Student: 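One structure is given below, represented as structure tokens, and several questions about it will come after.
The shown structure was predicted, so the numbers you read here are calculated from the model rather than taken from an experiment. Chain letters run A, B, ... following the sequence lines, proteins first and then strands; every chain starts at 1.
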Amino acid sequence: MLRIDQILSDAVLSGCTELFGASPDPSQVSIQLTRPEFEGERTVIVFPFTRLSKKNPEDTGKTIGEYLVANLEEITSFQIVKGFLNLSISDSYWISELNEAVSAGGLFGLQPAKSKPQVMVEYSSPNTNKPLHLGHLRNNFLGYSVSEILKAAGHDVVKVQIINDRGIHICKSMVAWLKFGKGETPESSGLKGDKLVGKYYVAFDKAYKAEVVEHGEDDAPILLEAREILHKWESGDEEVRALWDQMNGWVYAGFESTYKEMGVDFDKLYYESDTYLIGKSQVEKGLASGVFSQREDGSIWVDLTDKGLDEKLLLRKDGTAVYITQDIGTAILRFEDYPSLDRQVYTVGNEQEYHFKVLFEILGKLGFEQGERCHHLSYGMVELPDGKMKSREGTVVDADDILAEMRETAEAVAIEAGKLDSIPEEDRPELFKQVGYGALKYFLLRVDPKKSMMFDPKGSIDFIGNTGPYIQFNYVRSRSVLRNAGIERARYLIVESSVELDQTEKRLLMTALSLPDIIEESARLYDPSILANLCYEITKSYSSWYQDHPILKEENEDLRMARLAICSLCSSSVKTGMSLLGVNMPERM
RNA sequence: GGCUCUGUAGCUCAACUGGAUAGAGCAUCGCACUACGGAUGCGAAGGUUAGGGGUUCGAAUCCCUUCAGAGUCACCA
């Protein structure tokens, strides 16, 4: 919380006690930004206090306002509009905050590392039979960004994914490759490994559909072959395992290059093939301790009807695992791997909300009280203008294709704007990535995660308006001003407290100073969009202010310093905020 | 059918979690400016917050209800 808000909140509480003889509930004290059309910077809502004062809102506000002006040096005057007490805060207060923030340099907004509990964030977690697509982009950017935001808020963060490397889906690709592949490899075909394996998954599906006509869905020969391979895999057949290793290896190499391109990474990888058996023993333990129950046919269930959920199968009658069984195993393995882990955050689409409710309840029943702090970072589907985004229906937008398209568009736009002349040839590829991927990440992250969103391939690469490149562009301009000022280390700027700021720059300053609060809020809500919006707010205010507030040309030296400091604070705040979204900021563009 | 989520300007999204006249961007129209980086800034127009009811000083936000969309309720993953 900004220092002034704490001061105000305390003063309002003690003021009420002193003036009205009764103190309100602290939650009743609401302090907010004064709307721009009114004078002042902070507004206290007085309605809640009218019952204590036994006066009308205006008189109540006047009484409190007079008290605040008399008791707080930071408050210079107040105005009352209806039930709203608008407070003007002294310039010297803002300047001291400005000096403090500027002296923190790039650390402004960040909490000390590992000063808060350890959190694990899972994201990406693809199947290994298909390449990554548009939906994975939202998932990866979200998971990575939430991880970085939690770190910035002081948490110790472990980034992980669970790789679904086992199961019938992989076996389908394997069968098709054996039948039709003729030994094709990524090297021989020139295809990325994940694309190659995906190609055979599609080939399987095609052959399967052709066979269904004659043999029916359950008895198509190629499906029987895939099941046969699955059985061999489970019994450890060496040939099958070798092929499985080889094909998964191709996929991992393909994924790795896409992750690198996206700018995301992981601290530890979990593989389903390592964890899927662990769940079984946990379920049996739960059965022994009485939290689960067994039916006559031998299947094991958990009863969650008292939590408003249903009964859920945990182990089939033949003793084999279902989906949630392995998730129980994986979760518990992670708690064992990281004994001080406070909670896990799962970045998974909202179609699995029910699944995670059940999982967290089960973890609690098994004695892992962290279960109640675990969080499903649920996000909505990414839709396309001409219909739904569904990998099964063939309207997939391939992740690598999108990334390439963003790079190319960034280049085309830069050329058209005539911006390339001053950029050295060798720096250009990196610049196109920064701008193109910045546009994409910002586009996907500025929307509230839980809402489904529209991905407009054309609109996303607009470089004007509320976009990543707009923010980058203004950052670049502010950096240029600082370079021209010869300020290498802006953190040593000191602004005289006697400088007078106008309303516009005070507003801009306040916006930039809210970075720590917004990081904190984003972390608390697992929501990068709040931070994305702040970056845009700062940028828009900065750009507007910049238009008619000379910085280097300002003749009053104290004021020039103040404006340089504001410029520096805005650029560093935006850079920090954007970096937490995974967006790199260029120095020139 | 039960449960969950969503519905805000023509379009894409906000709204500090119950606060003032619901704000931005795109698109449309107009204005400024040869610039400390114009990939600019300013303005106009655009709204019964899906409809109806309720709670209170005050509702896009909370409750009820109707409508529309999505998801889920698998011995699939």
Student: Just call it for A:M453: base, sugar-phosphate, or nothing, with non-hydrogen atoms closer than 4.0 Å on any strand.
Tutor: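 Sugar-phosphate only.
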
Student: Can you say whether a donor on the side chain of A:D297 sits under 3.5 Å from an acceptor on the base of B:C75, or the other way round?
Tutor: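 Yes, a donor-acceptor pair under 3.5 Å.
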
Student: Is A:L534 touching bases, backbone alone, or none of the nucleic acid, heavy atoms closer than 4.0 Å?
Tutor: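 Contact class for A:L534: none.
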
Student: Given atom CD of A:E521 and atom C1' of B:A15, what is their separation to the nearest angstrom?
Tutor: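 Checked: the CD to C1' distance equals 12 Å.
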
Student: Under the rule syn = chi within 90° of 0, otherwise anti, which is B:U48?
Tutor: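 Base orientation: anti.
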
Student: How long is the line joining CE of A:M454 and P of B:G69, in whole Å?
Tutor: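 About 16 Å, once rounded to whole Å.
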
Student: Going by centres under 5.5 angstrom and planes under 30 degrees, do the aromatic ring of A:F38 and the base ring of B:A20 stack?
Tutor: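 Ring-base stacking flag set for A:F38 and B:A20.
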
Student: Is there a donor and acceptor pair closer than 3.5 Å between the side chain of A:N533 and the base of B:A15?
Tutor: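 No, the side chain and the base share no sub-3.5 Å donor-acceptor pair.
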
Student: To the nearest Å, give me how far apart CD (A:Q32) and C1' (B:G19) are.
Tutor: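 For the pair A:Q32 CD and B:G19 C1', the rounded distance is 6 Å.
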
Student: Side chain of A:V476 only, heavy atoms from C-beta on: which candidate in B:G19, B:G37, B:U72 is closest?
Tutor: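 Nearest to the side chain of A:V476 among the choices is B:G37.
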
Student: Applying the Watson-Crick and G-U wobble criteria at under 3.5 Å, what pairs with B:G23? Answer none if nothing qualifies.
Tutor: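 B:G23 is paired with B:C13.
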
Student: Hey, does the side chain of A:Y536 come within less than 4.0 Å of B:A15's phosphate (OP1/OP2), counting only N and O?
Tutor: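 Checking B:A15 against A:Y536, no side-chain N or O comes under 4.0 Å of OP1 or OP2.
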
Student: Determine whether the aromatic ring centres of residues A:F360 and A:H376 are separated by less than 6.0 angstrom.
Tutor: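 Not close enough - the centres of the two rings lie 6.0 Å or further apart.
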
Student: Mind checking who B:C36 pairs with, Watson-Crick or G-U wobble, both distances under 3.5 Å?
Tutor: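 Here B:C36 is not engaged in any pair, so there is no nucleotide opposite it.
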
Student: Can you tell me if the side-chain N/O atoms of A:K451 get under 4.0 Å from OP1 or OP2 in B:A14?
Tutor: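 Looking at the OP1 and OP2 atoms of B:A14, one of them is under 4.0 Å from a side-chain N or O of A:K451.
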
Student: Ring of A:F84 versus six-membered ring of B:A20: centres under 5.5 Å and planes under 30°?
Tutor: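 Aromatic stack with B:A20 present for A:F84.
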
Student: In terms of the angle between their ring planes, are A:F455 and A:F443 parallel, tilted or perpendicular, with boundaries placed at 30° and 60°?
Tutor: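 Perpendicular.
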
Student: At less than 3.5 Å, do the side-chain atoms of A:S529 and the base atoms of B:A14 form a donor-acceptor pair?
Tutor: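 No, the side chain and the base share no sub-3.5 Å donor-acceptor pair.
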
Student: OP1, OP2 of B:C76 versus side-chain N and O of A:R316: anything below 4.0 Å?
Tutor: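 Checking B:C76 against A:R316, a side-chain N or O does come within under 4.0 Å of OP1 or OP2.
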
Student: Mind checking A:D327 for me? I need base, sugar-phosphate or nothing, with any heavy atom below 4.0 Å counting as a touch.
Tutor: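 Counting heavy atoms under 4.0 Å across all strands, no contact is made by A:D327.
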
Student: How are the rings of A:W244 and A:W233 set relative to one another: parallel (under 30°), tilted (30 to 60°) or perpendicular (over 60°)?
Tutor: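 Correct class here is perpendicular.
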
Student: Apply the test side chain to side chain donor-acceptor pair (under 3.5 Å) to residues A:Y442 and A:N466: give CA-CA distance (whole Å), side-chain angles for both, the deciding distance (0.1 Å), then the verdict.
Tutor: CA-CA 9 Å; A:Y442 184 81; A:N466 184 356; 2.6 Å; yes

Student: Picking from B:G71, B:A20, B:C73, which would you name as closest to the side chain of A:D310?
Tutor: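 Among B:G71, B:A20, B:C73, the one nearest the side chain of A:D310 is B:C73.
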
Student: Return the nucleotide paired to B:A60: Watson-Crick means purine N1 to pyrimidine N3 with N6-O4 or O6-N4, wobble means G-U with N1-O2 and O6-N3, both under 3.5 Å.
Tutor: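 The answer is none; no pair meets the criterion.
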
Student: Between A:Y475 and A:E587, does a side chain to side chain donor-acceptor pair (under 3.5 Å) hold up when you go through it step by step?
Tutor: CA-CA 8 Å; A:Y475 171 78; A:E587 287 296 309; 3.2 Å; yes

Student: State which of B:G37, B:C5, B:U17 makes the closest approach to the side chain of A:V481.
Tutor: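 So the side chain of A:V481 is nearest to B:G37.
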
Student: Measure the distance from NE2 on A:H355 to P on B:G71 and round it to the nearest whole Å.
Tutor: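 For the pair A:H355 NE2 and B:G71 P, the rounded distance is 19 Å.
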
Student: Go nucleotide by nucleotide along RNA chain B from the 5' end; which of A:A321 and A:V413 gets its closest nucleotide reached first?
Tutor: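 Result of the comparison: A:V413.
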
Student: Quick check for you: among B:A77, B:U4, B:G19, whose closest atom lies nearest to any side-chain atom of A:E353?
Tutor: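 Minimum distance to the A:E353 side chain belongs to B:U4.
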
Student: Between A:T467 and A:L431, name the one whose nearest nucleotide on RNA chain B is closer to the 5' end.
Tutor: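 Upstream on the strand: A:T467.
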
Student: Where along residues 539-554 of chain A does a heavy atom come under 4.0 Å from RNA chain B, residue by residue in number order?
Tutor: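 Contacting residues: A:K540, A:S543, A:S544, A:Y546, A:Q547, A:H549, A:P550, A:I551, A:L552, A:K553.
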
Student: Distance check needed: B:C16 P versus A:I530 CD1, whole Å only.
Tutor: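 After rounding, the reported distance stands at 10 Å.
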
Student: Considering only NZ, NE, NH1 and NH2 on the basic side and carboxylate oxygens on the acidic side, decide whether A:E411 and A:R428 come within less than 4.0 Å.
Tutor: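 Between A:R428 and A:E411 there is no salt bridge, as every charged N stays at least 4.0 Å from the carboxylate O atoms.
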
Student: So which nucleotide from B:U21, B:G25, B:G19 ends up closest to the side chain of A:K82?
Tutor: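 So the nucleotide nearest the side chain must be B:U21.
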
Student: To the nearest Å, how far apart are A:N474 CG and B:G25 P?
Tutor: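 The distance from CG of A:N474 to P of B:G25 comes to 13 Å, rounded to the nearest Å.
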
Student: Is A:R35 near enough to B:G23 that one of its side-chain N or O atoms lies under 4.0 angstrom from OP1 or OP2?
Tutor: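 It does, given that an N or O in the side chain of A:R35 lies less than 4.0 Å from OP1 or OP2 of B:G23.
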
Student: Take atom CD in A:E416; do more than 12 heavy atoms of anything else shown fall under 6.0 Å from it?
Tutor: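 12 or below, so no.
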
Student: Over 60° means perpendicular and under 30° means parallel, so classify the ring planes of A:Y201 and A:F204, tilted if in between.
Tutor: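 Because their plane-to-plane angle is under 30°, the rings of A:F204 and A:Y201 count as parallel.
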
Student: Any Lys/Arg nitrogen of A:K506 or A:D502 sitting under 4.0 Å from an Asp/Glu carboxylate oxygen of the other?
Tutor: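 No, A:K506 and A:D502 are not salt-bridged.
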
Student: Partner of B:U48 by Watson-Crick or G-U wobble geometry, both contacts under 3.5 Å, or none?
Tutor: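 Partner of B:U48: none found under 3.5 Å.
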
Student: Cation-pi check, A:R166 to A:Y276: give yes when NZ or CZ is under 6.0 Å from the six-membered ring centre and within 45° of the ring axis, no otherwise.
Tutor: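 Satisfied, under 6.0 Å and within 45°.
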
Student: Atom CZ of A:R560 to atom P of B:C36: distance rounded to whole Å?
Tutor: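 To the nearest whole Å, that distance equals 15 Å.
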
Student: Taking B:U17 as the reference, what is the distance to B:G52 when you measure between their C1' atoms (whole Å, please)?
Tutor: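 To the nearest whole Å, 25 Å.
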
Student: Just compare B:C75, B:C36, B:G25 and give me whichever is closest to any side-chain atom of A:N484.
Tutor: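 Taking heavy atoms from C-beta onward, the closest nucleotide is B:C36.
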
Student: Ignoring the backbone of A:F47, work out which of B:U72, B:G37, B:G19 is nearest its side chain.
Tutor: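 Among the listed nucleotides, the one closest to the side chain of A:F47 is B:G19.
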
Student: Picking from B:U72, B:U40, B:U12, which would you name as closest to the side chain of A:I464?
Tutor: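 Among B:U72, B:U40, B:U12, the one nearest the side chain of A:I464 is B:U40.
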
Student: Who does B:C5 pair with, Watson-Crick or G-U, both distances under 3.5 Å?
Tutor: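 Pairing partner: B:G69.
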
Student: Which one, B:U6, B:G19, B:C75, comes nearest to the side chain of A:I45?
Tutor: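 Of the options given, the side chain of A:I45 lies nearest B:G19.
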
Student: Given B:A77, B:C13, B:U72, which nucleotide is nearest the side-chain atoms of A:V447?
Tutor: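 Closest of the options to the side chain of A:V447: B:C13.
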
Student: Report the C-alpha distance between A:S299 and A:R316 in whole Å, list the side-chain angles of each, state the deciding distance to 0.1 Å, and finish with yes or no for side chain to side chain contact (heavy atoms under 4.5 Å, CB included).
Tutor: CA-CA 5 Å; A:S299 57; A:R316 295 189 186 103; 5.8 Å; no

Student: A:Y470 OH to B:G25 P: how many Å, rounded?
Tutor: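 These atoms are roughly 8 Å apart.
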
